[in-house]
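Only one structure is covered here, and it is reproduced in the block below.
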Amino acid sequence: GNSVTQMEGPVTLSEEAFLTINCTYTATGYPSLFWYVQYPGEGLQLLLKATKADDKGSNKGFEATYRKETTSFHLEKGSVQVSDSAVYFCAFYNFNKFYFGSGTKLNVKP
Amino acid sequence: GAVVSQHPSWVICKSGTSVKIECRSLDFQATTMFWYRQFPKQSLMLMATSNEGSKATYEQGVEKDKFLINHASLTLSTLTVTSAHPEDSSFYICSAPGLAPNPTDTQYFGPGTRLTVL
């Protein structure tokens with residue numbers, strides 16, 4: 001079946017630390033992959049996406065590469081800021097539906 | 001950008017009562033809206049697709065009579081949890097696609113509603 005597995009949080013980092021949030025997926029075919037971010041009190045917002053193998057999505061210093069061979073789409077950022085504190089969701093879109101991971105809460109301390 | 005609101009943001013109710021959650025697209029029209037629920041530390045799961053002017057389409061395993069969906073206008077969809085029980089306690093999120101041809105790029109999410117049934 002279709003599913004997304006992402007690392008459990010919360011993840012707590014100091015400002016300027018390196019961030020990795022792991023995400024792997026099980027899907028039929030080769031769907032588009034996404035990372036969404038949810039800031040406190042707000043709805044999920046598209047952070048970045050990749051539509052085919054080896055594509056790299058990037059936005060606001062975050063990056064993720066579509067790895068077909070490992071069915072992964074890990075989110076990375078070289079230097080996190082306090083303002084990056086939020087919940088991050090990995091997802092893919094297949095057959096007119098979104099499939100989401102459970103979300104990973106990131107806390108960045110000054 | 002486009003905004004989707006939900007009301008209430010949180011609600012506590014007694015077992016056996018019904019609760020209505022509203023999802024509104026504030027500055028665009030949405031003929032389709034999606035309802036998700038999320039249990040603690042679990043994935044967001046699609047419950048149903050709400051269609052303006054017609055019946056909602058429910059995902060397998062979701063009780064239609066339990067979770068009533070009404071999409072009465074192009075900017076409002078409601079989810080009513082009927083005869084709520086503690087196991088219905090969850091986080092409910094709605095979303096609506098924008099006007100761009102690619103629905104994945106313009107999927108707008110509400111902030112969610114936390115339902116606690118005592």
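Atoms considered below: every heavy atom in the structure, side chains included; atoms not considered: hydrogens, waters and symmetry mates. Lettering of chains follows the sequences in order, A, B, ..., and the numbering in each one begins at 1. Quantities reported herein were computed from a predicted structural model and do not represent experimental measurements.
- Expressed to the nearest 0.5 Å, how far CD of B:E59 lies from CZ of B:R37 amounts to 13.5 Å.
- Ion pairing between A:K68 and A:D54 fails under the 4.0 Å rule for side-chain N and carboxylate O.
- Judged purely by distance below 3.5 Å, without hydrogens or angles, the side chains of B:S77 and B:W35 pair a donor atom with an acceptor atom.
- Between A:E76 and A:L19, every side-chain heavy-atom pair lies at or beyond the 4.5 Å cut-off.
- For the atom pair B:Y58 OH and B:S50 OG, the distance stands at 8.5 Å (nearest 0.5 Å).
- For chain A, no part of B:F39 is nearby; none of its heavy atoms comes within less than 4.5 Å.
- Of the two parts of A:Y39, neither the backbone nor the side chain holds a non-hydrogen atom closer than 4.5 Å to a non-hydrogen atom of chain B.
- Residues B:T80 and B:F67 form no side-chain contact, since every pair of their non-hydrogen atoms from C-beta on lies 4.5 Å or further apart.
- Rounding to the nearest 0.5 Å places CD of A:E16 at 4.5 Å from OG of A:S79.
- Counting heavy-atom pairs closer than 4.5 Å to chain A, the top residue among B:C94, B:S5, B:G110, B:P111 is B:P111.
- Only the side chain of B:Q38 comes within less than 4.5 Å of a heavy atom in chain A; its backbone stays farther off.
- B:V81 and B:V117 end up in the same hydrophobic cluster when Ile, Leu, Val, Met, Phe, Trp and Tyr side chains are linked at under 4.5 Å.
- For the 3.5 Å distance criterion, the side chains of A:T20 and A:H74 fail to qualify, holding no donor opposite an acceptor.
- Side-chain contact, B:T49 with B:T57: no donor N or O sits under 3.5 Å from an acceptor N or O.
- B:F109 and A:Y36 have their aromatic ring centers within a separation under 6.0 angstrom.
- The pair B:E22-B:K20 does not meet the salt-bridge criterion, since no charged nitrogen lies less than 4.0 angstrom from a carboxylate oxygen.
- Proximity to chain A is limited to the side chain of B:L46, based on heavy atoms less than 4.5 angstrom apart.
- When the heavy atoms of residues 100-110 of chain A are compared with those of chain B, the residues falling under 4.5 Å are A:F100, A:G101, A:S102, listed by number.
- Heavy-atom distances place the backbone of A:E42, and not its side chain, under 4.5 Å from chain B.
- Contacts of residues 1-15 of chain A with chain B at a heavy-atom distance below 4.5 Å involve A:V4, A:E8, listed in sequence order.
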